[in-house]
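Working notes for the structure below.
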Number of protein chains: 2
Amino acid sequence: MAKTAKFDRQQVIDLATNLYWQKGFHATSMRNLQDEIDMRPGSIYAAFGNKDGLFKETLKNYTDAGIAQITKCLDMHDSPLEALKAFVRFQVIDSKEAAPSGLCMLTKTIGELTSDNQELIELTKSHLSQITGTFAKVIAQAQECGELSNVKSCDELANYLQVQITGLRTFSKVNLNNEQLALMIEEVFTHYPFNV
Amino acid sequence: MAKTAKFDRQQVIDLATNLYWQKGFHATSMRNLQDEIDMRPGSIYAAFGNKDGLFKETLKNYTDAGIAQITKCLDMHDSPLEALKAFVRFQVIDSKEAAPSGLCMLTKTIGELTSDNQELIELTKSHLSQITGTFAKVIAQAQECGELSNVKSCDELANYLQVQITGLRTFSKVNLNNEQLALMIEEVFTHYPFNV
DNA sequence: CGCATAATTGAACGACCGCTCAATAATTAT
DNA sequence: ATAATTATTGAGCGGTCGTTCAATTATGCG
């Protein structure tokens with residue numbers, strides 16, 4: 001019938017995710033993206049609609065990767081809490097040097113965008129809720145197996161964890177001392193509300 | 001000798017601060033600023049050099065206002081810790097609705113900019129250090145008057161406080177429940193490391 | 001092979017970007 | 001009043017923005 005040979009969509013989205021994550025939505029131009037993913041404007045617009053459309057796909061891609069990361073941590077640790085701690089270490093310490101930005105792409109986006117892009121904000125918020133929800137599930141597991149008390153609900157603890165991660169990731173952009181960061185992460189889990 | 005009648009520089013900087021704070025550095029165009037501060041491009045460039053120059057002045061203006069706010073809280077409370085708590089409440093809860101952005105302009109800027117604007121990043125970091133330093137001084141006061149233990153140094157506690165404020169302000173952009181935020185702030189000060 | 005169909009290209013559009021500067025307006029000293 | 005000096009104006013520069021679309025290229029089917 002017709003031509004079907006195409007670019008590798010997942011690879012293109014990965015590259016776009018990294019660029020958007022690094023530079024932010026506004027500072028990333030379509031020409032930047034064209035260079036990065038090696039596609040001509042017509043092809044990009046045919047595949048993703050417009051700049052917003054491509055950005056939306058990268059937000060979902062980033063979120064899926066984050067949740068996959070949590071799952072991976074769960075597989076690698078017997079204890080749900082140890083898994084969460086490993087995830088936080090990865091996000092705060094490793095991600096600082098390896099990832100395109102030291103920050104979470106979702107919180108960075110929420111910080112950057114205004115009501116001019118309300119639809120993107122709402123989508124970003126919903127993705128962030130998805131991640132917090134995943135935290136809550138893991139925390140609930142920890143509570144069920146007695147690793148954690150029920151003084152705070154799993155949702156409250158998940159929110160608390162989000163606050164800590166966001167705060168620590170921003171802090172890590174200013175203070176680069178890995179040992180200090182590791183200690184601060186450790187203390188998140190060894191004190192209230194994670195340790196009664 | 002010559003013409004001296006001029007615009008009100010402080011008022012202009014205040015307006016520019018609010019716009020930059022709200023929209024971020026990249027999304028704020030010189031034409032946006034021209035409209036906001038009611039000056040023509042030539043006058044702006046004569047007074048501030050360029051877009052970066054004006055932004056630098058707003059960063060200093062924002063920082064000075066923040067430190068003045070801390071001082072004001074100290075004046076209004078007998079206890080240094082109560083003053084800090086009041087400051088945090090203002091930053092996280094009141095600022096969410098009243099200010100141009102729910103976030104700290106400095107952390108927002110550090111999050112947004114890349115090495116393309118390294119000079120602005122460094123300046124922003126130094127302003128943020130200035131604020132953390134002010135926290136440390138207040139905390140040292142609390143330690144001297146026995147309100148707080150010396151288990152953690154005032155610098156460590158100041159860093160911890162920065163992490164909490166940053167995390168909470170970002171969280172407040174997603175979760176708008178003021179009572180919940182007030183409780184989370186309360187718990188910052190009633191548990192480790194602020195309460196041994 | 002040749003045709004129908006779809007993917008891909010890249011020049012180009014109007015709008016906006018940061019910024020400049022000759023012209024003009026306003027002020028003060030003489 | 002006049003001259004000297006400086007603040008202010010705003011049209012407009014070269015460049016980049018997000019986006020479009022006619023033309024071209026590549027593919028699968030009969």
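Each chain gets a letter, A, B and so on, in the order its sequence line appears, and its residues count up from 1.
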On the 0 to 90° scale, with breaks at 30° and 60°, tag the Phe189(B)-Phe194(B) ring pair as parallel, tilted or perpendicular.
tilted

Qualifying side-chain hydrogen bond (donor to acceptor under 3.5 Å, both in side chains) pairs with a residue from residues 101-110 of chain A, counting only residues at least two apart or across chains:
none

Leu33(B) has an atom CG; how far is it from atom P of dG18(C), in whole Å?
8 Å

Numerically ordered, the residues 37-48 of chain A set in heavy-atom contact under 4.0 Å with DNA chain D is Pro41(A), Gly42(A), Tyr45(A)

Any donor-acceptor N or O pair under 3.5 Å, side chains Asn61(A), Thr17(A)
yes

How many whole angstroms separate atom CG of Asp35(B) from atom C1' of dC16(C)?
13 Å

Rounded to the nearest angstrom, tell me the gap between atom CG in Asn32(A) and atom P in dC17(D).
6 Å

Among residues 18-31 of chain B, which contact DNA chain D at a heavy-atom distance under 4.0 Å?
Arg31(B)

Nucleotide dT25(D), atom P - distance to NZ of Lys6(A) in whole Å:
21 Å

What is the distance from NZ of Lys51(A) to C1' of dT16(D), rounded to the nearest Å?
12 Å

Just checking Glu179(A): does its CD atom have more than 12 heavy atoms from other residues, nucleotides or ligands closer to it than 6.0 angstrom?
no

Side chain proximity check, Thr170(B) to Gln162(A), heavy atoms < 4.5 angstrom
no

Distance check needed: dC17(C) P versus Asn50(B) CG, whole Å only.
16 Å

According to the interplanar angle, ranging from 0 to 90°, do the rings of Phe55(B) and Tyr20(B) count as parallel (below 30°), tilted (30 to 60°) or perpendicular (above 60°)?
perpendicular

Heavy-atom neighbours of Glu119(A) CD exceed 12 at 6.0 Å:
no

Asp116(A) atom CG is separated from dC16(C) atom C1', nearest whole Å, by 15 Å

Nearest whole Å is fine: how far is dA26(C) P from Phe7(B) CZ?
17 Å

For Phe25(B), is the NZ or CZ atom of Lys51(B) found under 6.0 angstrom from the centre of its six-membered ring and inside 45 degrees of the ring axis?
yes

Is the shortest distance from a Lys or Arg side-chain nitrogen in Glu187(A) or Lys152(B) to a carboxylate oxygen in the other one below 4.0 Å?
yes

